[in-house]
Amino acid sequence: MKSLASIRSDFPILSSRVNGKELVYLDSAATAQKPEVVIRAMDELYRTMNANIHRGIHYMAEETTARYEQARERVRQLLNAASTREVVFTSGATQSINLVASCFGERYVQAGDNIVVTEMEHHSNLVPWQFVAQRKGAELRVLPFDDSGALRMDLLEGLLDERTRIVAVTQASNVLGTMPDLRQIIATAHARDIPVLVDGCQGIVHEKTDVQALDCDFYAFSGHKLYGPNGIGVLYGKERWLEALPPYMGGGDMVGTVTLPTGTTFAELPLKFEAGTMNYIGAIGLGVAIDYLESLDFNEIRVHEKQLLDLATQRLETNIDGLRIYGTTLDKGPIVSFTVAGTHPADIGMIVDKLGVAIRTGTHCAEPVMTHYGITAMCRLSIGLYNTADEIELAATAIRRAVSMLR
């Protein structure tokens with residue numbers, strides 16, 4: 001595998017300085033930084049190969065279309081989807097989940113039905129299902145987690161019945177780092193013929209994901225969490241589900257034929273769900289990001305991130321009085337969310353920023369998690385493949401200094 005120094009040199013932003021300090025970027029769960037190869041590829045496309053896809057017959061249009069479809073194949077390989085017909089490009093995981101919630105809800109959810117989500121979901125995997133439940137007169141049922149951040153799997157069976165239409169669950173909590181037992185959840189739901197949607201934003205970047213082995217029905221992720229471009233995402237759906245669902249949006253490229261007044265037919269999968277001019281530059285950039293990641297040793301990355309997680313946990317827990325870490329399951333992802341008694345997370349975040357350290361503060365788009373613990377906000381330190389032990393030490397020192405100033 002490439003050395004850590006070599007990997008860091010691939011990310012130009014890491015040489016930046018913030019407030020006169022070397023940047024320590026520990027907010028990859030919000031958005032990961034981009035390697036030079038992705039930035040350069042997208043810049044080159046805009047300079048030399050920018051033409052709309054699936055429409056023109058001139059050279060640039062055909063070449064861009066080919067690269068766009070090659071990127072779809074790269075995503076298929078990444079997920080081990082059965083076919084590129086099961087890979088839909090979107091603007092991000094938020095749109096992917098809204099697409100399923102809207103289309104699935106329209107066709108399959110009725111008054112008196114129920115939808116199961118978990119208490120630890122990001123708002124993007126909660127609010128769309130609330131919309132469906134409100135619009136259709138359905139019930140939203142919630143699988144809770146315990147104070148360690150582990151889902152109460154013993155309660156799952158009791159939430160499912162003959163009126164449960166879908167289960168939506170995260171692959172990894174963006175606040176707690178918890179990585180639920182997806183295989184058990186999916187198997188339990190499928191035993192009742194209930195489909196499962198997985199929000200893979202925080203999971204796909206930290207563990208190999210095989211949608212056929214998981215047997216999930218839908219899977220969503222965002223490119224910008226995977227060291228790829230912003231504004232591009234993916235929805236995987238089993239072909240039988242995507243065939244059964246109505247289109248999400250109408251417009252160019254998603255149609256077969258259009259005749260007035262109402263004689264429209266739809267394009268074959270996956271174009272049926274890709275209305276309008278798609279972010280083809282972003283999709284191609286995502287393919288390049290996947291190539292970059294797969295040039296590295298994934299197992300070594302996991303070991304490296306786990307070592308940094310353990311170091312951060314130890315430095316924060318043992319050296320800062322009154323600090324509480326939320327999410328303590330053994331197999332959690334590389335995220336440390338915490339509060340410190342007598343301080344506000346926003347104040348800590350502002351002070352450590354002055355010291356060149358970027359962390360996240362707030363509700364992290366997961367207010368039910370805050371409500372569970374009876375707090376209004378947390379600090380969050382999230383680790384990427386480019387972070388170092390020295391950065392963890394610098395961050396811990398900065399947080400200690402902030403706490404001492406605030407007290």
Side-chain angles (χ1 to χ4, degrees), residues 26-32 90-102 104-105 115-134 140-145 149-152 166-182 185-186 196-207 209 214 216-226 228 230-236 326-327 329 332-338 345 359-373 375-384:
L26 290 166
D27 195 21
S28 291
T31 195
T90 66
S91 65
T94 297
Q95 188 187 36
S96 296
I97 296 169
N98 273 274
L99 187 161
V100 176
S102 177
F104 185 94
I115 298 162
V116 175
V117 297
T118 85
E119 189 183 17
M120 66 176 61
E121 299 305 314
H122 188 281
H123 293 166
S124 293
N125 203 24
L126 286 177
V127 179
W129 301 111
Q130 289 178 329
F131 286 170
V132 174
Q134 291 164 3
L140 196 68
R141 296 180 177 177
V142 181
L143 179 65
F145 60 86
L151 282 178
R152 290 288 309 276
I166 193 166
V167 174
V169 60
T170 185
Q171 187 176 9
S173 166
N174 72 310
V175 178
L176 306 171
T178 303
M179 305 185 82
D181 186 344
L182 292 182
I185 293 170
I186 292 166
V196 178
L197 176 142
V198 175
D199 173 1
C201 278
Q202 301 296 336
I204 193 170
V205 68
H206 299 302
E207 67 175 4
T209 300
L214 276 178
C216 58
D217 300 275
F218 303 99
Y219 184 92
F221 74 91
S222 294
H224 72 103
K225 305 290 178 73
L226 200 64
N230 294 59
I232 190 71
V234 168
L235 170 65
Y236 158 82
Y326 301 88
T329 55
K332 65 180 285 188
I335 285 174
V336 184
S337 293
F338 64 92
I359 65 173
R360 175 81 180 270
T361 65
T363 66
H364 315 298
C365 297
E367 283 193 59
V369 176
M370 308 298 132
T371 301
H372 177 100
Y373 292 108
I375 58 178
T376 58
M378 297 179 187
C379 298
R380 184 185 70 190
L381 178 157
S382 55
I383 294 163

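As the structure is a computational prediction, the values presented were derived from the model and not from experiment.
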*Give the intermediate values and the outcome of side-chain contact (heavy atoms from CB on, under 4.5 Å) for residues Tyr326 and Ile375.*
CA-CA 11 Å; Tyr326 301 88; Ile375 58 178; 3.9 Å; yes
Nearest heavy atoms of [X] and [Y], plus distance in Å:
| X | Y | result |
| --- | --- | --- |
| His122 | Cys365 | NE2-CB, 3.2 Å |
| Met179 | Ala172 | CG-CB, 4.0 Å |
| Ser337 | Arg380 | OG-CG, 3.5 Å |
| Ile335 | Asn174 | CD1-O, 3.6 Å |
| Ser124 | Thr94 | OG-OG1, 2.9 Å |
| Pro180 | Met120 | CG-SD, 4.3 Å |

*For the pair Phe104 and Phe218, name the ring-plane relationship: parallel under 30°, tilted 30 to 60°, perpendicular over 60°.*
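If you compare the ring of Phe104 with that of Phe218, the planes turn out perpendicular.
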May I ask you to decide if [Y]'s main-chain N or O and [X]'s side chain share a donor-acceptor pair within less than 3.5 Å?
| X | Y | answer |
| --- | --- | --- |
| Gln202 | Ala29 | yes |
| Thr329 | Gly327 | no |
| Gln171 | Val198 | no |
| Thr371 | Glu367 | yes |
| Ser222 | Cys201 | no |
| His364 | Met378 | yes |
| Thr118 | Val169 | no |

Straight-line distance of [X] [atom1] to [Y] [atom2], nearest 0.5 Å:
| X | Y | atom1 | atom2 | answer |
| --- | --- | --- | --- | --- |
| Ile97 | His123 | CD1 | NE2 | 12.5 Å |
| Asp27 | Ile383 | CG | CD1 | 12.0 Å |
| Ser28 | Leu381 | OG | CG | 10.0 Å |
| Leu214 | Tyr236 | CG | OH | 9.5 Å |
| Asn230 | Thr31 | CG | OG1 | 4.5 Å |

Would you indicate whether the side-chain heavy atoms of [Y] and [X] approach each other to under 4.5 Å?
| X | Y | answer |
| --- | --- | --- |
| Met370 | Val175 | yes |
| Leu151 | Ile185 | yes |
| Val117 | Asn125 | no |
| Thr170 | Thr178 | no |
| Tyr219 | Ile204 | yes |
| Trp129 | Leu197 | yes |
| His206 | Pro334 | yes |

_I'd like to know whether Val205 forms a side-chain contact (heavy atoms from CB on, under 4.5 Å) with Phe221, so could you lay out the CA-CA distance, the side-chain angles of the two residues, the decisive distance to 0.1 Å, and finally the verdict._
CA-CA 10 Å; Val205 68; Phe221 74 91; over 6 Å; no
